[in-house]
Amino acid sequence: MSLHHITLTINGAVERATVPANLTLLQLLRETLALTGTKNGCAAGECGACTVLLALPGAERGEPVNSCMVLAVECDGAAVVTVEGLAHDHQLDPVQQALLEAGGVQCGFCTPGVLISARALLDRNPRPSEAEIREALVGNLCRCTGYLRIIAGIQAAAQLGAPAGPAA
Amino acid sequence: MLKTHPTPARGPVGESVARLDGQEKVTGAAQFADDIQFGPGLLHARILRSPHAHALIKRIDASRALALPGVRAVVTGEQTPGYIGLYLQDRHIFCRDRVRYIGDPVAGVAAVDEQTAEKALDLIEVEYEPLPAVFDPVAGTRPDAPLLHPDLGQYEAVNFIFPKPNTNISNHFKIRRGDVAGAWAQCAAVVEREYRVPHIQHVPIEPHVAVAKWDEKGKITLWASSQSPFAQRNLIAKALHISQSQIQVVAPYVGGGFGAKAGVSMEALAVVIAGAVKGRPVKLRLTREEEFFTTFVRQGLVARFKLGCDTEGRLLALENTYYWDAGAYTEYGVNMTRAGGYSGTGPYDVPNVSVDSICVYTNHPVGGPMRGFGMPELHAGLEQAMDDLARSIQLDPVEFRRRNCIRGGDTVATGMTMHPTGLPDCIEQAAAAINWGHKAPPSAPTKRRGKGFAIMWKAPAMPPNAGSSARVQFNEDATVTVSVGGQEIGQGTFTVMAQMAAAALGVPYEWVKVAGPVDTDYSPYEWQTVASRLTWSMGNAVKAAALDARRQVLEMVAQAWKENPDDLDIVNGQVISYKTEEARSLKDIVIYGLPNPDGDGWIGGPVLGRGSFMPTYVTGLDAETGQGPRAVVHYTTGAQAVEVEVDLETGKVEVLRGVAAFDVGKAINPEMVKAQMEGGLVQGISTAFFEGLKLKDGRVQNPSFVDYRIATAADAPPQVEAIIVEVAQDDGPWGARGIGEHSMVPTLPAIANAIYDAVGIRMDAPPFSAEKVFMAMRQAGVVQ
Ligand code: FES
Ligand code: FES
């Protein structure tokens, strides 16, 4: 397996890694860098537990992607935000705070992916309708909550406005 | 019977405080089993599984696999002569002479990485001799059916399970009460129905993962995503013929369980593989595909109902037969069929009852505990048949349930007296909230609206003496650490335990934390995190431990202040005297004690409370009649109502509104109780419309999220109303009983009844896909 040297920004910090060509971004995060907040629920692009924000070089904004379906080599020069990067200076992102207050967290395994999808939605659409929220979450499976409190949390987050910290 | 008088709620009991584990779960800091770092020494395991539904193993040759660079060990059934199982020891950890389902573990490989382990599986040669198989539970009971477990008569079983040697029936639970045969003649109406419920899977978003390590002295550590660290320690120790204390199970947060991670499923595989590479941790992680058929699934059911009532709609007789498609091993499933038996009437008062609940071995995936433990399956058909019976005498289905539902003081079919229950109130509240009896116009001329109703009951199903224990200890700053062996699987038990400890002690909720991860070497014993039993059982233990700590504090302070402990109290973290109005912060005293009031030295010391709880009053039931004084600890009851809209052109059914009302005894944390009700209702919707393992000749055809769909954010109904009813449980902490599982039990039949109300069709099995609904409407002439 050929090895590749890549440099990317993860939650604002520059990381260098040497990765085999078949290593996924999810494996890079969880196994190489021990950033285990991002979860592996299927490794097949079907559950959304591994969702991260990925901004490829030149992109203005990060897009939510299933990191299990992205190869690490493709991320050379990219900027990635994971759940660990949402809070700034011990200030929770409004979407984190609102999800907590709405009771949208139970086992918490879908939560990192849900939060990233929600952040991405609010970044591109600060006042989403309920239908738009549901649409943005369709790729994030949650077996515990029944989604209603997650949806309510994102609606509340929209009221709270933009996060305090620097965007990735 | 043990009676604890409900202590008046103080402080955080009854308040919707914030989740204890919330902050770490939204920041990604919460640790799950796969997040634990083991360093470069970690080996990875994969499992070779049977491609046959039923076959003899003639020969296994692993020599080529062992020769593959990077492979460290290969294990087979040769290493696992012992049997394992919770209620019936009917399986080997790795198959020895025979495989019984597609996916049965035949060999395990440990290698330096997952790919190498996977490659090695292809190099293991196994010779099988295929055998005829059983794929239907009714057929499986016939005398000429192929026998799956010729040794059934020799298996060890608990004394409330009745296997029938030389058959495929590993348990047959019966109720015989009154004169069923004689009662039919008195009935004004009788309905007979058959329904089938497919196998489904729990689908926790976190797949199973286990890491095991043996040290040179033979001590085993198992890190696992586990609802049952203590049961796993116990069962694995027994199977390996070692002492329980030789195994330490460490179980961090569970990313969803729903029963899939109870008992032992894949964890023992990791332990056995690690035994072949002592000193090295070995990780076994199931793929999502393996999740769907190699761990527990919810067993299938073929249910036959015969119900009769008089002209007033009063139930006179019930004769139900349940054939459980329990799969290749029924070590856990036997008790589900027992629960399906003793609760087999549903929450109804019926004088003449015959129930047969039959656990049948089939060459299907292994049936195990899943949210509801048999109740969603049997209520699915029962609550539809009850609706049909009501309608057959032109009685409103809600009125029918009002007249027949079980009430406190009634005698249930097993002979036990029903405790006070809020079921009648749940029925009233759910009916009112859905505006029962009023039909709103559909949103389009091509659509039809309908409302459906269903009620339920469920008791914790467990051995009669399943116990809980807890420790409550103070830290120097007077914060409190609660240690328990029950697991946080998302239901919020750590939060509820902290609330109870805070209330019983008299300290702010914010001062209490719950020690994690659960660790069998450090945490007090807990049977399992199942059966919706923790709030009640572990709650009793935590409350007792907190009261024990409180007593120690008050006795010490009373001695120091020369007062009577009865005049003292702990309020908001301060000890106060109602007599002298003296007050002192706990901070000063809970670790270091107090100066001796009568001279030199000190009194008191670190305060450490202990508590345990075990029900002592559950009795056995007669093997032929199912009769006995007390079958179960208690029943949680409830009702659900839904409003649906059916699209005549496509068959698509939309749930517009759901209402859930449950009697939880006392809601310790009302918002979290409601969250359970909502989550369960949506899971119920998911099983009603989407879920079912498609089994063909024993093979699951749809083991992926693409082919096995679960509800997404788009499928959750626009509106769910959760209603809390509180009729106190006499031996529950503050009167509380559980709610986790119950909330999905009545959903599917309520939806089926609403579809009937809308378009007048019944289907004999879920899932009610648009296609199936459309075909049924066409068959019934509702559409062309
Ligand atoms: S892990 Fe499921 S989509 Fe990536
Ligand atoms: S909270 Fe458990 S999967 Fe969403």
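Letters A, B, ... are given to chains in the order of the sequence lines, protein chains preceding strands, and every chain is numbered from 1. From a predicted model like this one, the values you see are computed outputs, not experimental measurements.
The parts of I205(B) that come within reach of chain A are both its backbone and its side chain, each placing non-hydrogen atoms under 4.5 angstrom from that chain. Of the two parts of Q115(B), only the side chain, counted from C-beta on, holds a non-hydrogen atom closer than 4.5 Å to a non-hydrogen atom of chain A. In this structure, chain A has heavy atoms under 4.5 Å from both the backbone and the side chain of S704(B). For chain A, no part of E291(B) is nearby; none of its heavy atoms comes within less than 4.5 Å. For T287(B), no part lies under 4.5 angstrom from a heavy atom of chain A. Both the backbone and the side chain of V203(B) come within less than 4.5 Å of a heavy atom of chain A. Of the atoms belonging to E671(B), heavy atoms from both backbone and side chain fall under 4.5 Å from chain A.
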Please assess V83(A) against T27(B) for the test side-chain contact (heavy atoms from CB on, under 4.5 Å), listing each intermediate value before the final yes or no.
CA-CA 6 Å; V83(A) 67; T27(B) 53; 5.9 Å; no
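Contact record, G255(B) with C107(A): C-SG, 3.3 Å, taken as the closest heavy-atom pair. Taking every heavy atom of both residues into account, V138(A) and A714(B) meet most closely at CG2-CB, 3.8 Å. Closest approach of G41(A) and P207(B) over heavy atoms only: O-CG, 3.7 Å.
Within the model, atoms CD of Q676(B) and SG of C144(A) stand 8.0 Å from one another, a figure rounded to the nearest 0.5 Å. The structure places NE2 of H90(A) at 10.5 Å from CD of Q23(B), a figure rounded to the nearest 0.5 Å.
Salt bridge annotation for E206(B)-K39(A): absent, with no cationic side-chain nitrogen under 4.0 angstrom from a carboxylate oxygen. Ion pairing of R285(B) with E31(A) is present here, as a side-chain N (NZ or NE/NH1/NH2) and a carboxylate O approach within less than 4.0 Å.
Each of M672(B), Q491(B), R19(B) was scored for a side chain to side chain contact (heavy atoms under 4.5 Å, CB included) with Q106(A), with one residue passing: R19(B).
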